Amino acid sequence: MTFRLFTSLGNEVRTFSPVKEGEVRMYVCGVTPYDVTHLGHAFSYVQFDTLRRYLGWIGYRVRYVQNVTDIDDDMIMVSRRQGGRPIAEIRDENDAILRADLDRLNVLRPTVYPYATDHIPEIIETTQRLIERGHAYVVEGDVFFDVSTFPRYGRLNGMSLEELGKRENPESKRAHKKRNHLDFLLWQQVDPGDPSWDSPWGPGRPGWSIECTAMAVKHLGTQIDIHGGGSDLKYPHHENEIAQAECAYGVEPFCGWWVHNGMLQLDGVKMSKSLGNLVLARDLMRTYEPDHLRLYLLSHHIRADANYTAGAIDALADRYGRLRAAAQRASDGPGAGSAPMLQDARERLDDDFDVPGALDAADRAAARVLAGTGNEDEADRLRQTLAVLGFAFAGARGPANGDFSP
Ligand code: ZN
């Protein structure tokens, strides 16, 4: 069977085949830990965890890298607000909370979990390469990527340079110094007192997107198979990442499959701290078992925008109970660990990673198991399917079952 997966680059479903046979190099944009993370983050990381698990199940060795953006405008703002509190302290505090939440949700630990501030030499080296190759320019201590040197810029978003140029550019810092409207910072001067590092262009700090390129290349190589992140990162962050990697290293494509998760809203409104409408995974897990929350999150397709409403998790209580009860009927022998998945669930997952479809198949199997009308190995197959989807109650490996290895 072949696994087919949608990529945002070209907006198409393509048969999955990694650069190196048998191995998947996967990079997922991590958080900027300046504040507490919400259910939207849990949605993203549970989805990518499940994709990673499925790739492992179909036989790939998966190297999964997820970064921590521990230097940027928001980190600096929070540090200032807290009276100059060290950024590393703010990072460690918020990261520990996120990590604890994801552990309870049985999200496997990343193979590598790099901090941007540990990669300043790699960021400087990548920036240097871009200058040497004529893709970047220096203006009084700031370094900009020259978008006009990369005609493919905009392709991930299905837009031409001209069309993108008409849009507002979120990378508007130091606009007066830029050659073109779409150019973005690779390295920037800092305000007095802010964290800075020495560089060939004077003291400063990285731009936003260059760190992901530097970390992906360092830990996965110049060509990777899957790059994940929220759909809100498609422009400009991921467009910038492509431009940086392909220009610095002369590769195309930098990444084979761009996978963007949908956004989670609350009652139709984007969750945000400023609106005060945050729902936290941690709070929900006071009421619901983590696997019950996982079921809620996975009942949405990875690319679908989801709308959380009060009662949405309660509405899955019966379904959750049935899946658990049916999985418990699996034999305790070796069959449970080595059983195949349910065939129709496998087909759904092979077809563009249709997790909700696979869960529907699991529901049907659970009904048969509980009614006593299923095939002999149906409970084993059901349990295996739920384990591949990461449910701790089905025996899935992971932090919730005491396994903290990547
Ligand atoms: Zn990123």
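Being a predicted model, the structure only gives us computed values, none of them experimental. Keep in mind that the numbers below use all heavy atoms, side chains included, and drop hydrogens, waters and symmetry copies.
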Inset, instruction - Any chance you could lay out the salt bridge (charged side-chain N to carboxylate O under 4.0 Å, His left out) test for R53 and D49, step after step, and finish with the verdict? - result: CA-CA 6 Å; R53 286 173 183 275; D49 175 64; 2.9 Å; yes
Inset, instruction - State plainly whether the residues R303 and D352 are in salt-bridge range, i.e. N to O under 4.0 Å. - result: yes
Legend entry - Side chains of R133 and T149, donor plus acceptor under 3.5 Å: no
Inset, instruction - Measure from the side-chain N and O atoms of T127 to the backbone N and O of I123, and report whether any donor-acceptor pair falls under 3.5 Å. - result: yes
Inset, instruction - Could you tell me whether K218 and D118 make a salt bridge, using a distance below 4.0 angstrom between a side-chain N and a carboxylate O? - result: no
Inset, instruction - Run the salt-bridge test on D360 and R319 with the 4.0 Å N-O cut-off and return the result as yes or no. - result: yes
Legend entry - Test item: side-chain donor near acceptor, D146 and N180, under 3.5 Å: yes
Legend entry - Test: R322 and D318 ion pair at under 4.0 Å: no
Legend entry - Any donor-acceptor N/O pair, R346 side chain to M341 backbone, under 3.5 Å: no
Legend entry - Carboxylate-amine/guanidinium proximity below 4.0 Å for R286 and D283: yes
Legend entry - Result of checking L295, L323, T50 against F391 for side-chain contact (heavy atoms from CB on, under 4.5 Å): L295
Inset, instruction - Could you tell me whether a side-chain N or O of D305 sits under 3.5 Å from a main-chain N or O of M263, the two making a donor and an acceptor? - result: yes
Legend entry - Heavy atoms of other groups near Y34 OH, more than 12 under 6.0 Å: no
Inset, instruction - Decide, yes or no, whether a salt bridge links D73 with R205 under the criterion of side-chain N to carboxylate O below 4.0 Å. - result: yes
Legend entry - Check: Q223 side chain, P253 main-chain N or O, donor-acceptor pair, under 3.5 Å: yes
Inset, instruction - Determine, using ring centers only, whether Y54 and F3 are less than 6.0 Å apart. - result: yes
Inset, instruction - For the pair Y308 and Y296, evaluate ring-ring contact (aromatic ring centres under 6.0 Å, His included) and give the outcome as yes or no after the intermediate values. - result: CA-CA 10 Å; Y308 176 81; Y296 167 74; 5.8 Å; yes
Enumerate donor-acceptor pairs with a distance under 3.5 Å from any side-chain N or O in residues 15-31 to protein atoms, sequence neighbours excluded.
{"from": "E23", "atom 1": "OE1", "to": "R61", "atom 2": "NH2", "distance (Å)": "3.0"}
{"from": "R25", "atom 1": "NH1", "to": "L220", "atom 2": "O", "distance (Å)": "3.1"}
{"from": "Y27", "atom 1": "OH", "to": "N67", "atom 2": "OD1", "distance (Å)": "3.2"}

Inset, instruction - Using the salt bridge (charged side-chain N to carboxylate O under 4.0 Å, His left out) rule, take R91 and D70 through it: C-alpha gap first, then chi angles, then the decisive distance, then the call. - result: CA-CA 6 Å; R91 171 195 70 201; D70 61 347; 2.6 Å; yes
Legend entry - Pair F254 and Y249, ring centroids less than 6.0 Å apart: no
Inset, instruction - Identify the heavy atoms of Q66 and P114 that sit nearest to each other, and give their distance. - result: O-CD, 3.2 Å
Inset, instruction - Quick one: sort the Y153 and F150 rings into parallel, tilted or perpendicular, breaks at 30° and 60°. - result: perpendicular
Inset, instruction - Please collect all ring pair (Phe, Tyr, Trp, His ring centres under 6.0 Å) contacts where either partner lies in residues 103-141, sequence neighbours excluded, each pair once. - result: H119-H219, Y137-F144
Inset, instruction - State the CD-CG distance between E239 and L182, to the nearest 0.5 angstrom. - result: 9.5 Å
Inset, instruction - Not counting sequence neighbours, which residues clear salt bridge (Lys or Arg N to Asp or Glu O under 4.0 Å) with R109? List them please. - result: D103
Legend entry - Backbone of D74 reached by a side-chain donor or acceptor of D72 within 3.5 Å: yes
Inset, instruction - Determine, for R381 against D377, whether the closest basic-nitrogen to carboxylate-oxygen distance falls under 4.0 angstrom. - result: yes
Inset, instruction - State plainly whether the residues D142 and K173 are in salt-bridge range, i.e. N to O under 4.0 Å. - result: no
Legend entry - Salt bridge flag under 4.0 Å for residues E246 and R155: no
